[in-house]
Each structure stands twice: as structure tokens, then as C-alpha cells.
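First the structure, in the form of C-alpha cells, and then the observations on it.
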2 protein chains.
Amino acid sequence: MNNKIDAKYFEMSRISKALAHPTRMFIIDKLNEKEYCVHELTEMIGADTSTVSKHLSVLKNSGIISDEKRGNCVYYNLECTCVLNIFSCVMNVIQTNLQSAMALVDMSSAK
Amino acid sequence: MNNKIDAKYFEMSRISKALAHPTRMFIIDKLNEKEYCVHELTEMIGADTSTVSKHLSVLKNSGIISDEKRGNCVYYNLECTCVLNIFSCVMNVIQTNLQSAMALVDMSSAK
DNA sequence: TGCCTATTTGGCAATATTGCCAAATAGTGT
DNA sequence: ACACTATTTGGCAATATTGCCAAATAGGCA
């Protein structure tokens, strides 16, 4: 692997890593609905504000979401709606896994 | 967040985490071409065989790839081709990020 | 059987991620 | 200026991921 290719896969994994946390997945799902500010998200998630803030900055640094300060609050928006494709793909993988699992169950009960 | 929702986002992040490594991204990209066995991939990647084997098992445990033993080798295949959507989405995010960065550069040079 | 090749597993040290607390920062309204 | 609210940042301990080595496993073939 030369350096250019390295950089490509590194960048791709960086984006993917940004998604790789339940809380961040939740946040993306919520922001798809509408914008939310930090304390609204914090309330829904039930963790420390600083924890949620850090998750948000991970997503922001990957360019997946953007922030906008208005009045007293910082509102976050889904910037790259294409990550929703990842959502449906991931659900697809989960579903495929489920079907394989169910096929196994069928086989063993038919034994 | 109740437990069911928790489980959903946890599962989603699990899949996403499986993708979140440069080497694993590379492997998926290669397997999209055609099947490869462990030592072929190892040669391309240039890491220890055991390291590559572990990356492959991460992908396999997420249901993204499957393995098939034939003769002396274990061949790996892309099981969920829908992860390629993730690929194009991730590239999309990267591109969007690049455009924002370039816009910033333009602004500062126009100053 | 024994030898060889291919792959996986166990162990371990280095590194990265996570989440809480406390403290700093920023903006609003009095 | 002051108090107040919202958010971010620094620090730190707990946990998870990674990659190499060595050892174990599995199958093919003489």
C-alpha cells in the first residue's frame, strides 16, 4: 500500500470511526428529524453534558454535523445527509445477520 | 433512551466500528473486486498474518464478509455488498469536507 | 504417520477511546 | 459589573483496540 492509498483508507476509517458509537448514532438519528441544541440532546441521552459535547465535536470534526450558535444555545444540524445511507446500510447488514441466524435455528430444529 | 432503542444504536455502532480501521477498509475494497485468501491479503497489506486474520474475523463477526475453506486456503468474500454504499457515502463526506476547506482558502486569499 | 503450508488463537505491551468531574469560556439579561 | 445558563475544555482513571510474537490448530500430501 503506498502512501496515497494509505491516506484514502485512513480518511475513510476516520469518518467511519466517527459513527462508531451508540450515542453518536442516536444523535445522528435525532438530528435527521430536526436541529437540537446540546442540552436537549443531553436530556434525551442521559449522560453528562460534557460527554455529549465531546461526542458532538467528534461528529463535527468529521464534517457530519455542523453547529450554529443562536441566543443562549448551540444548535447542531446534520450536514451530510448521506450518512443516512449508512444508516440504512447498517440496518441492512443487521437484517442479513438476523436472517442467517434464523436460518441456523431452522436447520437445528429440523434436525 | 429505553433498552430497545439502546440495543438498536448499539448494534448499528457495532457494524460501523467493524469498518472503522484503514486496513479493514482496504480489505473491503479489495474483496469487492474478487475473493482473496488470507495470505494474498497479508501480502498486499504488509502486516503480520495474525494481524490480518484478526481484522478479517472482526469483519466476519459483523456479517460483512464470509469465509470459505477450499484446499489449503481460506477465501474471504464480501457478504453484504451494501457496505459499498457506505464507501461512496464516506467518500461523499470527505469530498464535502474538502469543498468546505477549499472555500475557506478562497475566502482568506480574497481578503 | 510426519512434514509442510495456511490460518487462528493467546498473551502482552502500546495506544486510543470513553465518561465523569471540575474548571474555563461565552453569551444573556439585570 | 454581576449572576445565570449553556457549552467546551483539561485531566484522569477505566476500558477497548491494535499489532506483534509465539504457540496451537487444520488440512493436504508424501
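Side chains included, hydrogens not; waters and symmetry mates left out as well; all remaining heavy atoms used. Protein chains get the first letters and strands the later ones, always in sequence-line order, with residue 1 at the start of each.
- Hydrophobic clustering (ILVMFWY, side-chain heavy atoms < 4.5 Å, transitive): B:Leu84 and A:Val83 are in one cluster.
- Inter-residue side-chain proximity for B:Leu19 and B:Arg24 is flagged as unmet; no heavy-atom pair is nearer than 4.5 Å.
- Linking ILVMFWY side-chain heavy atoms closer than 4.5 Å, directly or via other members, places A:Ile94 and B:Val58 in two distinct hydrophobic clusters.
- A side chain to side chain contact (heavy atoms under 4.5 Å, CB included) with B:Leu78 is found for exactly one of B:Leu59, B:Asn32, B:Asp29, namely B:Asn32.
- Nearest heavy atoms, A:His39 versus A:Cys73: CE1-SG, 3.9 Å.
- A:Tyr75 and A:Met44 fall into different hydrophobic clusters, where Ile, Leu, Val, Met, Phe, Trp and Tyr residues are linked whenever their side-chain heavy atoms come under 4.5 Å apart, directly or through other members.
- To the nearest angstrom, C1' of C:dG27 lies 15 Å from CD of A:Glu68.
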Any chance you could encode DNA chain D as dot-bracket? Rule is Watson-Crick or G-U wobble with both distances under 3.5 Å; [ ] for pairs crossing earlier ones, | for another strand. ||||||||||||||||||||||||||||||
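- Both B:Val74 and B:Ile64 belong to a single network of hydrophobic side chains, linked directly or stepwise wherever heavy atoms of I, L, V, M, F, W or Y lie under 4.5 Å apart.
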Going 5' to 3' through nucleotides 6-21 of chain C and flagging B where a protein heavy-atom sits under 4.0 Å of the base, S where only the sugar-phosphate is that close, and - otherwise, we get SSBBBB-----SSSBB
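- Between A:Tyr9 and B:Phe26, the angle of the ring planes goes over 60°, which puts this pair in the perpendicular group of the 30/60° scheme.
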